[in-house]
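See below for the structure under consideration.
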2 protein chains.
Amino acid sequence: MTIQETGTARPAGRPRSEKAERAIIEATLDLIGEGMGVSELSIEAIASKAGVGKTTIYRRWSNKEDLVVDALATLKAPMPRLRGTSVRDDLIVLLDVMRAEAGQPRSRCVMNIAMSEADRYPRLMERFMKRAVEPRRAALRAVIERGIASGELRADLDVDMGMALLSGAMLWHTKWGPEGELAADLAERVVDAALSGLAP
Amino acid sequence: MTIQETGTARPAGRPRSEKAERAIIEATLDLIGEGMGVSELSIEAIASKAGVGKTTIYRRWSNKEDLVVDALATLKAPMPRLRGTSVRDDLIVLLDVMRAEAGQPRSRCVMNIAMSEADRYPRLMERFMKRAVEPRRAALRAVIERGIASGELRADLDVDMGMALLSGAMLWHTKWGPEGELAADLAERVVDAALSGLAP
DNA sequence: CCGATACGCAACGGTCCCGTTTCGTAAACC
DNA sequence: GGTTTACGAAACGGGACCGTTGCGTATCGG
């Protein structure tokens with residue numbers, strides 16, 4: 001009882017390497033971000049990429065799905081400070097986060113998983129939605145609801161429909177838009193187009 | 001030279017079974033429609049589902065990608081007759097086709113492939129885009145351009161942005177909207193929301 | 001009937017990955 | 001030093017699928 005006795009009795013023997021744990025999760029996210037589906041992920045590939053023995057993985061997670069769940073749980077939605085001055089500005093900020101994320105392989109995990117594995121891994125999706133998708137959705141929803149309340153958006157606007165138009169348009173550009181990087185002003189143009197509508 | 005001599009000399013021996021060929025392609029599309037990615041497709045699973053020997057597949061296609069290319073080539077975009085009375089009506093018809101297709105496993109191939117395998121199979125994607133995606137896009141683009149010309153849509157509207165808002169919103173509802181079947185009036189509501197915009 | 005080709009089926013050796021075990025070494029505690 | 005647990009590496013038997021081959025049968029033209 002010299003030091004480091006915080007009540008939880010430290011187990012005997014060599015402690016588990018946190019570095020290895022991080023490397024495993026990083027490798028998992030990297031592979032997913034490269035476009036690999038969950039079913040194509042192999043423990044051996046993760047171990048190899050992480051520079052780790054398979055034993056070290058199986059000691060921590062009993063199967064692939066548990067590992068992926070934990071890996072995805074470390075993904076947090078980057079929550080920008082919304083200035084709250086105008087709904088238009090806040091929407092641009094939120095959608096521009098989507099644009100920026102679409103470029104980083106790491107952040108691409110979110111969209112890759114959300115789009116592809118929706119049906120097959122219900123347990124995984126449930127956690128993943130709660131952790132990574134819901135915060136993004138909630139932020140967008142809050143801005144839209146605030147806009148309705150303040151009169152900046154139509155009083156009869158269906159909130160879900162507003163979310164669909166805004167983030168759907170970003171999604172469309174990401175996957176099917178003109179090739180290459182997304183234009184820097186894409187978020188602004190999407191917001192303005194959605195706000196003013198297609199009709200004259 | 002009794003009958004059936006159309007210049008292409010009929011090769012000797014038993015002819016290849018067109019029924020088997022159709023069954024193979026059907027099985028391939030079924031598996032893709034069930035959410036199976038191209039890399040998870042196995043020749044053995046296709047053969048089994050089609051009630052066919054592997055030999056019969058390898059006799060026709062030398063690898064999986066060729067088979068998938070041919071299978072996807074049989075997918076044609078269902079092209080509804082557009083009445084052309086109003087842009088709004090035509091947009092609703094086009095988007096409602098998307099809604100209807102989202103339910104049928106067979107037609108889900110288009111979206112599943114288009115969303116998931118974009119990067120990894122460039123040769124496949126090129127053909128697939130040309131055959132199955134482009135016609136849909138062209139139809140939507142034509143309607144939007146007609147609307148701009150007729151004054152039913154804003155003169156300064158970016159056509160790509162219009163397509164993104166409309167089909168992006170449908171896509172969003174398909175993947176992330178409230179669970180269950182898409183509402184029967186979804187296309188109409190999306191079109192009206194996009195036309196009038198979010199602002200008052 | 002005969003030759004030729006396609007068919008479904010089963011088997012082959014090869015590769016990848018599984019999940020487990022063994023081994024020698026490393027890092028914490030007493 | 002001694003005990004205990006974790007580590008990376010290697011090997012295991014097992015399963016899925018690969019692409020190929022051989023087999024007996026079916027279906028065409030001549």
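Note that the structure is predicted; figures quoted are calculated from it, not measured. Here is how names work: the chains are called A, B, and so on, in the same order as the sequence lines, proteins then strands, and each is numbered from 1.
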With sequence neighbours excluded, residues passing salt bridge (charged side-chain N to carboxylate O under 4.0 Å, His left out) with B:Glu126: none
Can you tabulate the close N/O pairs, meaning under 3.5 Å, that link protein atoms to atoms of nucleotides 2-6 of chain D?
residue: D:dT5; atom: O2; partner: A:Arg14; partner atom: N; Å: 3.1
residue: D:dA6; atom: OP1; partner: A:Arg16; partner atom: NE; Å: 3.3
residue: D:dA6; atom: O4'; partner: A:Arg14; partner atom: O; Å: 3.3
residue: D:dA6; atom: N3; partner: A:Arg14; partner atom: NH1; Å: 3.3

Ignoring hydrogens and angles, write down the donor-acceptor pairs under 3.5 Å from the side chains of residues 184-191 of chain B, residues two or more places apart or on other chains.
residue: B:Glu188; atom: OE2; partner: B:Arg88; partner atom: NH2; Å: 3.0
residue: B:Arg189; atom: NH1; partner: A:Asp158; partner atom: OD2; Å: 3.0

CZ/A:Arg120: more than 12 non-hydrogen atoms of other groups inside 6.0 Å: yes
Any residue meeting side-chain contact (heavy atoms from CB on, under 4.5 Å) with A:Met79, in chain and number order, not counting sequence neighbours: A:Ala77, A:Pro135, A:Ala139
Partner set under side-chain contact (heavy atoms from CB on, under 4.5 Å) for B:Val93, not counting sequence neighbours: B:Pro80, B:Leu82
Residues in contact with DNA chain C, drawn from residues 18-25 of chain A - heavy-atom cutoff 4.0 Å: none
Spacing between B:Ile57 atom CD1 and C:dA6 atom P, to the nearest angstrom: 16 Å
Contacts of type side-chain contact (heavy atoms from CB on, under 4.5 Å), residue A:Ser196, not counting sequence neighbours: B:Arg154
Electrostatic pair B:Glu21:B:Arg16 at N-O distance under 4.0 angstrom: no
Any protein N or O atoms within reach of nucleotides 18-21 of chain D? Criterion: under 3.5 Å, listing atom names and distances.
residue: D:dC18; atom: OP1; partner: B:Ile43; partner atom: N; Å: 2.7
residue: D:dC18; atom: OP2; partner: B:Ile43; partner atom: N; Å: 3.2
residue: D:dC18; atom: OP2; partner: B:Glu44; partner atom: N; Å: 3.0
residue: D:dG19; atom: OP2; partner: B:Tyr58; partner atom: OH; Å: 2.4
residue: D:dG19; atom: N7; partner: B:Lys54; partner atom: NZ; Å: 3.1
residue: D:dG19; atom: O6; partner: B:Lys54; partner atom: NZ; Å: 2.7

side-chain contact (heavy atoms from CB on, under 4.5 Å) partners for A:Ser17, two or more places apart: A:Lys19, A:Ala20
Pairing of B:Glu101 and B:Arg108 as salt bridge, 4.0 angstrom limit: no
Contacts of B:Glu152 that satisfy salt bridge (charged side-chain N to carboxylate O under 4.0 Å, His left out) - sequence neighbours left out: none
Electrostatic pair A:Asp90-A:Arg83, nearest N-O below 4.0 angstrom: no
Runs of at least three Watson-Crick or G-U pairs with DNA chain D, cut-off 3.5 Å: C:1-30 with D:1-30
Show which side-chain atoms of residues 31-39 of chain A pair as donor or acceptor with protein atoms under 3.5 Å away, not counting sequence neighbours.
residue: A:Glu34; atom: OE2; partner: A:Lys49; partner atom: NZ; Å: 3.0
residue: A:Ser39; atom: OG; partner: B:Glu40; partner atom: OE1; Å: 3.0
residue: A:Ser39; atom: OG; partner: B:Glu40; partner atom: OE2; Å: 3.2

